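Remarks on the structure that follows.
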2 protein chains.
Amino acid sequence: MSKMRSECPISCSLEIFGDKWSLLIVRDLMFYQKSTYGDFLKSAEGIATNILAARLQALEENKIIEKREHPDSKAKVLYRLTHKGIDLLPILFEIHLWAEKYFTIPEDLKEMINDAKKNKEIAIKTITEQLKKQLEE
Amino acid sequence: MSKMRSECPISCSLEIFGDKWSLLIVRDLMFYQKSTYGDFLKSAEGIATNILAARLQALEENKIIEKREHPDSKAKVLYRLTHKGIDLLPILFEIHLWAEKYFTIPEDLKEMINDAKKNKEIAIKTITEQLKKQLEE
DNA sequence: TATTTGCACTTGCAATTTGCAAGTAAAGTT
DNA sequence: AACTTTACTTGCAAATTGCAAGTGCAAATA
(Lines give C-alpha, C1' and ligand atoms only; values in the text may rest on other atoms or scores of the structure.)
Protein backbone atom coordinates (compact mmCIF):
# COMPACT_ATOMS: atom_id res chain seq x y z
CA MET A 1 0.00 0.00 0.00
CA SER A 2 2.11 2.89 -1.22
CA LYS A 3 0.43 6.22 -1.90
CA MET A 4 -3.23 6.33 -1.03
CA ARG A 5 -5.71 8.87 -2.31
CA SER A 6 -6.54 9.99 1.22
CA GLU A 7 -6.58 8.75 4.78
CA CYS A 8 -10.31 8.20 4.74
CA PRO A 9 -11.16 4.67 5.85
CA ILE A 10 -13.83 4.31 3.19
CA SER A 11 -11.47 5.47 0.49
CA CYS A 12 -8.65 3.19 1.68
CA SER A 13 -11.03 0.26 1.69
CA LEU A 14 -12.30 0.99 -1.79
CA GLU A 15 -8.75 1.06 -3.07
CA ILE A 16 -8.54 -2.59 -2.02
CA PHE A 17 -11.94 -4.00 -2.90
CA GLY A 18 -13.65 -1.19 -4.80
CA ASP A 19 -14.28 -3.01 -8.05
CA LYS A 20 -16.79 -5.35 -9.60
CA TRP A 21 -14.96 -8.61 -8.82
CA SER A 22 -12.96 -8.66 -5.60
CA LEU A 23 -15.87 -9.06 -3.22
CA LEU A 24 -17.35 -11.79 -5.41
CA ILE A 25 -14.22 -13.85 -4.85
CA VAL A 26 -14.54 -13.21 -1.12
CA ARG A 27 -18.20 -14.23 -1.34
CA ASP A 28 -17.26 -17.48 -3.05
CA LEU A 29 -14.67 -18.27 -0.40
CA MET A 30 -16.98 -17.30 2.44
CA PHE A 31 -20.34 -18.77 1.50
CA TYR A 32 -19.84 -21.29 -1.27
CA GLN A 33 -16.79 -23.28 -0.15
CA LYS A 34 -14.93 -22.38 -3.30
CA SER A 35 -11.18 -22.43 -2.96
CA THR A 36 -9.44 -22.90 -6.31
CA TYR A 37 -8.88 -20.85 -9.42
CA GLY A 38 -11.16 -23.22 -11.32
CA ASP A 39 -13.90 -22.86 -8.70
CA PHE A 40 -13.93 -19.08 -9.04
CA LEU A 41 -14.01 -19.30 -12.82
CA LYS A 42 -17.17 -21.36 -12.66
CA SER A 43 -19.17 -18.69 -10.83
CA ALA A 44 -22.23 -17.37 -12.60
CA GLU A 45 -20.84 -13.88 -13.23
CA GLY A 46 -18.20 -15.22 -15.65
CA ILE A 47 -14.96 -13.54 -14.70
CA ALA A 48 -12.23 -13.58 -17.34
CA THR A 49 -9.19 -15.71 -16.63
CA ASN A 50 -6.70 -12.83 -16.63
CA ILE A 51 -8.91 -10.65 -14.45
CA LEU A 52 -9.30 -13.47 -11.96
CA ALA A 53 -5.54 -13.96 -11.80
CA ALA A 54 -5.03 -10.23 -11.29
CA ARG A 55 -7.65 -9.99 -8.55
CA LEU A 56 -6.34 -13.04 -6.72
CA GLN A 57 -2.88 -11.53 -6.75
CA ALA A 58 -4.14 -8.17 -5.49
CA LEU A 59 -6.22 -9.79 -2.75
CA GLU A 60 -3.19 -11.79 -1.70
CA GLU A 61 -0.94 -8.73 -1.67
CA ASN A 62 -3.48 -7.00 0.52
CA LYS A 63 -3.63 -9.97 2.87
CA ILE A 64 -7.33 -10.65 2.28
CA ILE A 65 -6.58 -14.15 1.03
CA GLU A 66 -3.59 -16.47 1.12
CA LYS A 67 -2.32 -19.31 -1.02
CA ARG A 68 -1.78 -22.78 0.38
CA GLU A 69 -0.87 -26.19 -0.92
CA HIS A 70 -3.92 -28.10 -2.02
CA PRO A 71 -4.33 -31.37 -0.14
CA ASP A 72 -5.50 -33.25 -3.25
CA SER A 73 -2.83 -32.35 -5.77
CA LYS A 74 0.19 -30.23 -6.44
CA ALA A 75 -1.39 -29.05 -9.67
CA LYS A 76 -4.05 -27.28 -7.62
CA VAL A 77 -3.67 -24.17 -5.51
CA LEU A 78 -5.85 -23.65 -2.48
CA TYR A 79 -6.91 -20.12 -1.71
CA ARG A 80 -8.40 -19.20 1.62
CA LEU A 81 -9.49 -16.14 3.53
CA THR A 82 -7.22 -14.62 6.13
CA HIS A 83 -8.59 -13.13 9.35
CA LYS A 84 -8.62 -9.80 7.56
CA GLY A 85 -10.66 -11.37 4.79
CA ILE A 86 -13.05 -13.08 7.16
CA ASP A 87 -13.65 -9.74 8.84
CA LEU A 88 -15.26 -8.55 5.62
CA LEU A 89 -18.28 -10.68 6.55
CA PRO A 90 -20.27 -7.84 8.15
CA ILE A 91 -19.82 -5.76 5.02
CA LEU A 92 -20.99 -8.56 2.73
CA PHE A 93 -23.86 -9.21 5.08
CA GLU A 94 -25.04 -5.61 4.99
CA ILE A 95 -24.71 -5.52 1.22
CA HIS A 96 -26.86 -8.62 1.11
CA LEU A 97 -29.54 -7.03 3.28
CA TRP A 98 -29.53 -3.86 1.22
CA ALA A 99 -29.83 -5.81 -2.01
CA GLU A 100 -32.70 -7.86 -0.60
CA LYS A 101 -34.57 -4.67 0.08
CA TYR A 102 -34.03 -3.10 -3.32
CA PHE A 103 -33.67 -5.96 -5.82
CA THR A 104 -35.70 -8.98 -6.67
CA ILE A 105 -33.63 -11.74 -5.16
CA PRO A 106 -34.26 -15.51 -5.56
CA GLU A 107 -36.05 -16.98 -2.56
CA ASP A 108 -33.38 -19.56 -1.76
CA LEU A 109 -30.76 -16.84 -1.45
CA LYS A 110 -33.03 -14.85 0.82
CA GLU A 111 -33.59 -17.82 3.09
CA MET A 112 -29.89 -18.38 3.36
CA ILE A 113 -29.64 -15.42 5.70
CA ASN A 114 -33.16 -15.35 7.09
CA ASP A 115 -32.14 -16.65 10.49
CA ALA A 116 -29.14 -14.37 10.60
CA LYS A 117 -31.38 -11.37 10.03
CA LYS A 118 -33.22 -11.89 13.29
CA ASN A 119 -30.16 -11.61 15.50
CA LYS A 120 -27.55 -10.11 13.28
CA GLU A 121 -24.77 -9.60 15.80
CA ILE A 122 -24.85 -13.17 17.05
CA ALA A 123 -25.12 -14.68 13.61
CA ILE A 124 -22.13 -12.74 12.35
CA LYS A 125 -20.12 -13.63 15.40
CA THR A 126 -20.94 -17.30 15.00
CA ILE A 127 -20.09 -17.49 11.33
CA THR A 128 -16.90 -15.49 11.85
CA GLU A 129 -15.75 -17.83 14.59
CA GLN A 130 -16.55 -20.80 12.43
CA LEU A 131 -14.51 -19.44 9.54
CA LYS A 132 -11.59 -18.51 11.75
CA LYS A 133 -11.58 -21.96 13.28
CA GLN A 134 -11.00 -23.43 9.84
CA LEU A 135 -7.82 -21.38 9.62
CA GLU A 136 -6.23 -23.15 12.55
CA GLU A 137 -5.45 -26.23 10.49
CA MET B 1 -31.14 -2.19 -14.79
CA SER B 2 -31.14 -4.30 -17.94
CA LYS B 3 -29.04 -7.45 -18.06
CA MET B 4 -27.26 -8.31 -14.85
CA ARG B 5 -24.35 -10.68 -14.51
CA SER B 6 -26.29 -12.87 -12.10
CA GLU B 7 -29.11 -12.73 -9.57
CA CYS B 8 -26.69 -12.71 -6.66
CA PRO B 9 -27.45 -9.79 -4.36
CA ILE B 10 -23.77 -9.04 -3.84
CA SER B 11 -23.14 -9.03 -7.57
CA CYS B 12 -26.18 -6.84 -8.30
CA SER B 13 -25.04 -4.37 -5.67
CA LEU B 14 -21.51 -4.24 -7.02
CA GLU B 15 -22.87 -3.46 -10.46
CA ILE B 16 -24.27 -0.27 -8.92
CA PHE B 17 -21.59 0.86 -6.51
CA GLY B 18 -18.67 -1.47 -7.19
CA ASP B 19 -16.08 1.10 -8.14
CA LYS B 20 -13.60 3.45 -6.52
CA TRP B 21 -15.82 6.54 -6.48
CA SER B 22 -19.54 5.94 -6.02
CA LEU B 23 -19.47 5.22 -2.30
CA LEU B 24 -17.24 8.24 -1.72
CA ILE B 25 -19.98 10.46 -3.13
CA VAL B 26 -22.45 8.74 -0.83
CA ARG B 27 -20.03 9.26 2.06
CA ASP B 28 -19.81 12.97 1.27
CA LEU B 29 -23.58 13.29 1.15
CA MET B 30 -24.08 11.25 4.30
CA PHE B 31 -21.38 12.47 6.65
CA TYR B 32 -19.97 15.72 5.34
CA GLN B 33 -23.05 17.70 4.32
CA LYS B 34 -21.79 18.01 0.78
CA SER B 35 -24.49 18.45 -1.78
CA THR B 36 -23.19 20.10 -4.94
CA TYR B 37 -20.96 19.14 -7.82
CA GLY B 38 -18.37 21.60 -6.59
CA ASP B 39 -18.50 20.15 -3.07
CA PHE B 40 -17.73 16.66 -4.34
CA LEU B 41 -14.87 17.93 -6.50
CA LYS B 42 -13.20 19.41 -3.44
CA SER B 43 -12.91 16.09 -1.63
CA ALA B 44 -9.42 14.93 -0.80
CA GLU B 45 -9.38 12.01 -3.22
CA GLY B 46 -9.49 14.31 -6.25
CA ILE B 47 -12.08 12.89 -8.59
CA ALA B 48 -11.90 14.07 -12.20
CA THR B 49 -14.71 16.31 -13.41
CA ASN B 50 -15.95 13.93 -16.10
CA ILE B 51 -15.83 10.92 -13.79
CA LEU B 52 -17.82 12.81 -11.18
CA ALA B 53 -20.44 13.75 -13.74
CA ALA B 54 -20.67 10.14 -14.90
CA ARG B 55 -20.96 8.77 -11.37
CA LEU B 56 -23.60 11.30 -10.36
CA GLN B 57 -25.63 10.34 -13.40
CA ALA B 58 -25.30 6.63 -12.66
CA LEU B 59 -26.21 7.10 -9.01
CA GLU B 60 -29.22 9.10 -10.05
CA GLU B 61 -30.30 6.49 -12.60
CA ASN B 62 -30.04 3.86 -9.90
CA LYS B 63 -32.10 5.99 -7.51
CA ILE B 64 -29.34 6.30 -4.92
CA ILE B 65 -29.37 10.08 -5.23
CA GLU B 66 -31.70 12.67 -6.72
CA LYS B 67 -31.31 16.15 -8.12
CA ARG B 68 -33.17 19.12 -6.68
CA GLU B 69 -33.23 22.86 -7.14
CA HIS B 70 -30.66 24.57 -4.98
CA PRO B 71 -32.25 27.10 -2.58
CA ASP B 72 -29.42 29.60 -3.03
CA SER B 73 -29.15 29.85 -6.77
CA LYS B 74 -30.35 28.48 -10.06
CA ALA B 75 -26.76 28.05 -11.15
CA LYS B 76 -26.30 25.38 -8.49
CA VAL B 77 -27.70 21.88 -8.41
CA LEU B 78 -28.49 20.21 -5.12
CA TYR B 79 -27.90 16.50 -4.89
CA ARG B 80 -29.31 14.45 -2.04
CA LEU B 81 -29.61 10.85 -0.98
CA THR B 82 -32.83 8.96 -1.54
CA HIS B 83 -34.15 6.44 0.97
CA LYS B 84 -32.34 3.79 -1.03
CA GLY B 85 -29.15 5.80 -0.73
CA ILE B 86 -29.59 6.42 2.98
CA ASP B 87 -30.00 2.69 3.46
CA LEU B 88 -26.39 2.28 2.38
CA LEU B 89 -25.40 3.62 5.80
CA PRO B 90 -24.92 0.20 7.44
CA ILE B 91 -22.59 -0.81 4.62
CA LEU B 92 -20.50 2.34 4.93
CA PHE B 93 -20.47 1.90 8.68
CA GLU B 94 -19.15 -1.65 8.46
CA ILE B 95 -16.53 -0.61 5.92
CA HIS B 96 -15.47 2.08 8.35
CA LEU B 97 -15.13 -0.41 11.19
CA TRP B 98 -13.16 -2.83 9.03
CA ALA B 99 -10.82 -0.09 7.88
CA GLU B 100 -10.28 1.07 11.45
CA LYS B 101 -9.14 -2.40 12.34
CA TYR B 102 -6.74 -2.82 9.44
CA PHE B 103 -5.49 0.63 8.51
CA THR B 104 -3.94 3.49 10.38
CA ILE B 105 -6.79 5.95 10.54
CA PRO B 106 -6.60 9.54 11.84
CA GLU B 107 -7.86 9.82 15.41
CA ASP B 108 -10.53 12.40 14.64
CA LEU B 109 -12.10 10.09 12.09
CA LYS B 110 -12.05 7.23 14.58
CA GLU B 111 -13.78 9.32 17.19
CA MET B 112 -16.47 10.27 14.75
CA ILE B 113 -17.98 6.82 15.13
CA ASN B 114 -16.73 5.88 18.55
CA ASP B 115 -20.11 6.28 20.21
CA ALA B 116 -21.82 4.48 17.39
CA LYS B 117 -19.54 1.50 17.86
CA LYS B 118 -20.84 0.80 21.32
CA ASN B 119 -24.45 0.32 20.30
CA LYS B 120 -24.31 -0.10 16.59
CA GLU B 121 -27.93 -0.94 15.87
CA ILE B 122 -29.30 2.07 17.72
CA ALA B 123 -26.74 4.46 16.28
CA ILE B 124 -27.49 3.38 12.74
CA LYS B 125 -31.21 3.61 13.33
CA THR B 126 -30.86 7.10 14.77
CA ILE B 127 -28.71 8.45 11.98
CA THR B 128 -30.90 6.82 9.35
CA GLU B 129 -34.02 8.42 10.80
CA GLN B 130 -32.28 11.76 10.97
CA LEU B 131 -31.26 11.57 7.32
CA LYS B 132 -34.69 10.45 6.21
CA LYS B 133 -36.30 13.26 8.11
CA GLN B 134 -34.32 15.72 6.05
CA LEU B 135 -35.94 14.28 2.96
CA GLU B 136 -39.40 15.34 4.04
CA GLU B 137 -38.78 18.94 3.14
C1' DT C 1 -25.38 47.65 -19.18
C1' DA C 2 -21.09 45.33 -20.00
C1' DT C 3 -17.86 42.32 -17.99
C1' DT C 4 -16.16 39.16 -15.16
C1' DT C 5 -16.68 35.31 -12.07
C1' DG C 6 -18.82 30.95 -10.39
C1' DC C 7 -20.90 26.67 -11.24
C1' DA C 8 -21.99 22.46 -13.61
C1' DC C 9 -20.88 20.23 -16.68
C1' DT C 10 -18.74 18.49 -21.80
C1' DT C 11 -15.11 17.37 -25.01
C1' DG C 12 -10.74 15.59 -26.89
C1' DC C 13 -7.22 12.67 -26.23
C1' DA C 14 -3.68 9.69 -23.94
C1' DA C 15 -3.12 6.12 -20.61
C1' DT C 16 -4.83 2.47 -18.08
C1' DT C 17 -7.92 -1.35 -17.37
C1' DT C 18 -11.06 -4.83 -18.98
C1' DG C 19 -12.43 -8.65 -21.53
C1' DC C 20 -12.06 -12.18 -25.00
C1' DA C 21 -9.51 -15.89 -27.19
C1' DA C 22 -5.72 -18.48 -27.56
C1' DG C 23 -1.51 -20.32 -25.71
C1' DT C 24 1.78 -22.35 -22.15
C1' DA C 25 3.74 -25.12 -18.46
C1' DA C 26 3.60 -28.22 -14.73
C1' DA C 27 1.10 -32.10 -12.69
C1' DG C 28 -1.95 -36.02 -12.88
C1' DT C 29 -4.35 -39.66 -15.60
C1' DT C 30 -4.84 -43.42 -19.00
C1' DA D 1 3.90 -41.79 -24.23
C1' DA D 2 -0.17 -39.30 -25.06
C1' DC D 3 -3.92 -36.87 -23.14
C1' DT D 4 -6.21 -34.12 -19.67
C1' DT D 5 -6.55 -31.03 -15.90
C1' DT D 6 -5.17 -26.92 -13.51
C1' DA D 7 -3.43 -22.45 -13.10
C1' DC D 8 -2.15 -19.32 -15.10
C1' DT D 9 0.05 -15.86 -19.25
C1' DT D 10 -0.12 -13.34 -23.57
C1' DG D 11 -1.83 -10.54 -27.42
C1' DC D 12 -5.01 -7.51 -28.85
C1' DA D 13 -9.43 -4.88 -29.25
C1' DA D 14 -12.78 -2.37 -26.64
C1' DA D 15 -14.13 0.15 -22.78
C1' DT D 16 -13.06 3.07 -18.98
C1' DT D 17 -10.32 6.43 -16.58
C1' DG D 18 -8.00 10.58 -16.01
C1' DC D 19 -6.12 15.00 -17.35
C1' DA D 20 -6.59 19.51 -19.43
C1' DA D 21 -9.06 22.57 -21.75
C1' DG D 22 -13.32 24.17 -23.18
C1' DT D 23 -18.68 25.61 -23.04
C1' DG D 24 -22.91 27.68 -21.52
C1' DC D 25 -25.89 29.60 -18.23
C1' DA D 26 -26.50 32.30 -13.78
C1' DA D 27 -25.03 35.57 -10.73
C1' DA D 28 -22.04 39.03 -8.96
C1' DT D 29 -19.26 43.11 -10.06
C1' DA D 30 -17.76 47.32 -12.45
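Nothing here was measured: the structure is a model prediction, and the numbers come from that model. We name chains A, B, ... by the order of the sequence lines, and we start the count at 1 in each one. Side chains included, hydrogens not; waters and symmetry mates left out as well; all remaining heavy atoms used.
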Inset, instruction - Taking the six-membered ring for Trp and the single ring otherwise, decide whether the centroids of A:Trp21 and A:Phe40 are under 6.0 Å apart. - result: no

Can you see whether [X] engages [Y] through a side-chain donor-acceptor pair at a distance of less than 3.5 angstrom?
X       : Y       : answer
B:Glu66 : B:Thr82 : no
B:Tyr79 : B:Asp39 : no
A:Glu61 : A:Gln57 : yes

Using whole Å, report how far [atom1] of [X] lies from [atom2] of [N].
X       : N      : atom1 : atom2 : result
A:Leu52 : D:dT6  : CG    : C1'   : 12 Å
A:Asp72 : D:dA7  : CG    : P     : 11 Å
A:Asp19 : D:dT17 : CG    : P     : 12 Å
B:Lys76 : C:dG6  : NZ    : P     : 12 Å
A:Lys20 : C:dT17 : NZ    : P     : 16 Å
B:Ile25 : C:dC9  : CD1   : C1'   : 14 Å
A:Glu69 : C:dG28 : CD    : P     : 11 Å
A:Arg55 : D:dA7  : CZ    : C1'   : 18 Å

Inset, instruction - Name the residue closer to the 5' end of DNA chain C, choosing between A:Lys74 and A:Ala48 according to the nucleotide with the nearest heavy atom. - result: A:Ala48

Contact under 4.0 Å: [X] side-chain N or O vs [N] OP1/OP2:
X       : N      : result
B:Tyr37 : C:dT10 : no
A:Lys67 : D:dC8  : yes
B:Trp21 : D:dG18 : yes

Legend entry - Shared hydrophobic cluster for B:Leu14 and A:Tyr32 (ILVMFWY, side-chain gaps under 4.5 Å): yes

Legend entry - Toward the 5' end of DNA chain D, by each residue's nearest nucleotide, A:Asn50 or A:Val77: A:Val77

Legend entry - Candidate nucleotides C:dT18, D:dC8, D:dA27, ranked by approach to the side chain of B:Ala75 - the nearest: D:dA27

Inset, instruction - Can you check whether any acceptor in the base of D:dT5 is under 3.5 Å from a donor in the side chain of A:Ser73, or vice versa? - result: no

Inset, instruction - Report which part of the nucleic acid A:Tyr79 touches: base, sugar-phosphate, or nothing (heavy-atom distance under 4.0 Å, all strands). - result: sugar-phosphate

